[in-house]
Undergrad: 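Sharing a structure below in structure tokens format, with a few things to ask.
Order of the sequence lines fixes the chain letters, A, B, ..., with proteins taken first and strands second; residue numbering starts at 1 for each chain. Below, all heavy atoms of this structure are taken into account, side chains as well, without hydrogens, waters or symmetry copies.
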Amino acid sequence: MKFLIVITGPTAVGKTAAALETAMHFQTEIVSADSRQIYRELSIGTAVPSAAELEAVKHHFIHTHSIFDTYNASRYESEAVKLLDNLFKKQDIVVLTGGSMLYIDAICKGIDDIPDIDPELRKNLKERLETDGLESLRLQLKKLDPEYYSEVDLKNPARIVHALEVCIMTGKTYSSFRKAEPKKRYFSILKTALNCDRAELHSRINARVDEMVNNGLEQEARSVFHLRHLNSLNTVGYREFFSYFEGKNSREEAIELIKRNTRRYARKQLTWFRNDPQVTWFEPGDTNRLIKFIESKMAEK
RNA sequence: GGUGCCAUAGCUCAGUUGGUAGAGCAACGGACUGAAAAUCCGUGUGUCCCUGGUUCGAUUCCAGGUGGCACCA
């Protein structure tokens with residue numbers, strides 16, 4: 001029997017430390033499920049594990065890709081599942097940790113098979129969104145895929161654009177690809193999440209942002225400022241500094257905005273995990289209970 | 001010590017000619033399938049400083065108290 005231990009939770013709650021302890025206890029490796037720590041050009045603002053932590057336990061998907069790559073949850077799914085195949089050849093347990101909700105779902109449930117989108121097409125649709133407005137795209141979607149039109153959030157440009165991309169590219173409806181059928185995995189998944197008191201989480205976030213700033217986040221952001229149009233850099237911690245560099249706000253305001261946007265991100269993560277019935281919750285400092293829980297679940301199987 | 005001004009949401013402040021109140025920010029809830037640290041939707045959360053008085057009814061008017069600020073001593 002193979003077990004994938006998922007340790008997730010809101011940003012800054014202490015996942016890295018808990019995953020490290022758990023992986024060391026079971027003498028195994030860590031697969032990261034973090035959509036920003038995969039980028040080798042980013043370190044400070046993404047809070048990658050320290051050199052010592054990376055030394056102590058083998059990590060995967062940290063600094064493995066470039067901000068220039070077009071990356072997404074689907075690619076992550078195929079790469080990560082392939083990696084897990086290899087890891088499970090020599091291990092019975094693997095730890096998956098990170099806060100990217102969709103990436104975790106991609107591994108646990110899978111993602112529908114949808115063809116890759118031509119970047120030119122996406123660019124064109126985004127331009128049309130600018131010039132003609134959302135309503136024009138909505139009308140086209142209504143014609144091309146009435147089924148999806150009836151259930152999509154009609155105010156959300158990203159959803160409309162993506163559905164249109166698929167319809168135009170494939171000549172089929174986007175809904176015909178949306179099976180939402182969970183993929184069968186041969187390994188068992190134990191999904192856990194960490195959470196603490198909200199006020200405590202906020203002070204952890206604030207302290208971590210201050211630490212990032214002290215460690216040189218501003219310079220790191222400046223080094224990629226000229227690439228700010230890349231999706232990979234539409235990221236909390238960077239975009240606020242970008243608008244400071246553009247003179248839209250002060251440095252102090254940028255730091256406050258990073259804190260606020262990180263808090264909001266944590267709240268969004270909690271909303272997602274809270275509504276996942278498979279999650280078992282733990283306190284961040286209590287890795288012993290987490291490990292006992294894992295051992296008891298493994299004994300059941 | 002005296003005089004004046006102020007006290008309403010977590011913060012900054014509106015407002016109620018007496019019928020228990022609303023903006024901005026913060027916060028909170030939700031959606032989510034190739035951008036997901038993305039994108040989008042929703043929600044006022046309140047001893048109107050305290051105690052009396054007047055009144056059918058006081059957050060609003062009156063008196064006293066408390067706290068803050070300013071000026072005069």
Undergrad: Determine the contact category for S100(A): base if any of its heavy atoms lies under 4.0 Å from a base atom, sugar-phosphate if only primed atoms, P, OP1 or OP2 are that close, otherwise nothing.
TA: sugar-phosphate
Undergrad: Please report the distance separating the P of A38(B) from the corresponding atom of A70(B), rounded so that it comes out in whole Å.
TA: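 Per the computed distance, 44 Å lies between those P atoms.
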Undergrad: Grab the OH-C1' distance between Y174(A) and G34(B) for me, whole Å please.
TA: 8 Å
Undergrad: Using the C1' atom in both, what is the distance from U12(B) to G42(B), to the nearest Å?
TA: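 25 Å, rounded to whole Å.
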Undergrad: For the pair Q269(A) and Y265(A), evaluate side-chain hydrogen bond (donor to acceptor under 3.5 Å, both in side chains) and give the outcome as yes or no after the intermediate values.
TA: CA-CA 6 Å; Q269(A) 290 173 305; Y265(A) 172 51; 3.0 Å; yes
Undergrad: Need one value for D116(A): base, sugar-phosphate or nothing, where a base atom within 4.0 Å counts as base even if backbone is also close, heavy atoms only.
TA: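 Base: the residue D116(A), judged by heavy atoms under 4.0 Å, touches a nucleobase.
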Undergrad: Is any N or O donor-acceptor pair between the side chain of R159(A) and the base of A35(B) shorter than 3.5 Å?
TA: no
Undergrad: Any base atoms under 4.0 Å from F177(A), or only sugar-phosphate, or nothing? Heavy atoms, all strands.
TA: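 The answer is nothing, as F177(A) stays clear of every strand by at least 4.0 Å.
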Undergrad: So what does T11(A) hit on the nucleic acid, given a heavy-atom distance under 4.0 Å: a base, only sugar-phosphate, or nothing?
TA: nothing
Undergrad: Evaluate the ring-ring contact (aromatic ring centres under 6.0 Å, His included) criterion for residues F61(A) and Y76(A): first the C-alpha distance (whole Å), next the side-chain angles of each, then the deciding distance (0.1 Å), finally the verdict.
TA: CA-CA 9 Å; F61(A) 289 108; Y76(A) 176 74; 5.1 Å; yes
Undergrad: Is K268(A) side chain donor-acceptor paired with the A31(B) base, going by distance under 3.5 Å alone?
TA: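 Side chain to base: no pair below 3.5 Å.
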Undergrad: So what is the 5' to 3' dot-bracket string for RNA chain B, if pairs are Watson-Crick or G-U wobble with both distances under 3.5 Å, crossing pairs use [ ] and | means the partner sits on another strand?
TA: (((((((..((((.....[..)))).(((((.......))))).....(((((..]....)))))))))))).
Undergrad: Using the P atom as the reference point in each nucleotide, state the distance between G34(B) and U47(B) in Å, no decimals.
TA: 45 Å
Undergrad: By nearest nucleotide on RNA chain B, pick out whichever of H162(A) and R274(A) is the more 5' one.
TA: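 Final value for this comparison: R274(A).
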Undergrad: For A36(B), does OP1 or OP2 lie under 4.0 Å from any side-chain N or O of Y103(A)?
TA: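 Checking A36(B) against Y103(A), a side-chain N or O does come within under 4.0 Å of OP1 or OP2.
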Undergrad: Mind checking whether F273(A) and W281(A) have parallel, tilted or perpendicular rings, split at 30° and 60°?
TA: perpendicular
Undergrad: What interatomic distance, in whole Å, is found between P of G67(B) and the corresponding atom of C28(B)?
TA: 35 Å
Undergrad: Under 4.0 Å from any atom of RNA chain B, heavy atoms only: list the residues of residues 192-230 of chain A that qualify, in numerical order.
TA: R198(A), H202(A)
Undergrad: Please step through salt bridge (charged side-chain N to carboxylate O under 4.0 Å, His left out) for the pair K90(A) and E29(A), ending with a clear verdict.
TA: CA-CA 11 Å; K90(A) 49 176 181 169; E29(A) 304 180 8; 3.3 Å; yes
Undergrad: Distance check, C1' atoms only: C13(B) and U3(B), in whole angstrom units.
TA: 27 Å
Undergrad: I'd like to know if E218(A) pairs up with R222(A) as an ion pair, taking the criterion as any Lys NZ or Arg NE/NH1/NH2 lying under 4.0 Å from an Asp or Glu carboxylate oxygen.
TA: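 Salt bridge between E218(A) and R222(A), a charged N being under 4.0 Å from a carboxylate O: yes.
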Undergrad: Do R228(A) and F225(A) form a cation-pi contact, if we require the NZ or CZ to be under 6.0 Å from the six-membered ring centre and within 45 degrees of the ring's axis?
TA: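 Geometry flag: set, cation within 6.0 Å and 45°.
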Undergrad: Please report, rounded to the nearest Å, how far the P atom of G42(B) is from the CG atom of L154(A).
TA: 13 Å
Undergrad: Suppose you measure atom P in G19(B) against the same atom in A58(B); what distance do you get, rounded to whole Å?
TA: 11 Å
Undergrad: Can you work out whether R178(A) or G45(A) has the more 5'-proximal nearest nucleotide on RNA chain B?
TA: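 That would be R178(A).
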Undergrad: Before giving the answer on side-chain hydrogen bond (donor to acceptor under 3.5 Å, both in side chains), spell out for D69(A) and Y39(A) the whole-Å C-alpha distance, their side-chain angles and the decisive distance to 0.1 Å.
TA: CA-CA 9 Å; D69(A) 298 341; Y39(A) 296 120; over 6 Å; no
Undergrad: Do any N or O atoms of the protein come closer than 3.5 Å to N or O atoms of nucleotides 23-26 of chain B, and which pairs are they?
TA:
from	atom 1	to	atom 2	distance (Å)
A26(B)	OP1	R260(A)	NE	3.3
A26(B)	OP1	R260(A)	NH1	2.1
A26(B)	OP1	R264(A)	NH2	3.3
A26(B)	OP2	R264(A)	NH2	3.2
A26(B)	O3'	R263(A)	NH2	3.4

Undergrad: By the 4.0 Å heavy-atom rule, please label D276(A) as base, sugar-phosphate, or nothing.
TA: nothing
Undergrad: Would you indicate, yes or no, if C28(B) has its OP1 or OP2 atom less than 4.0 angstrom from a side-chain nitrogen or oxygen of R267(A)?
TA: yes
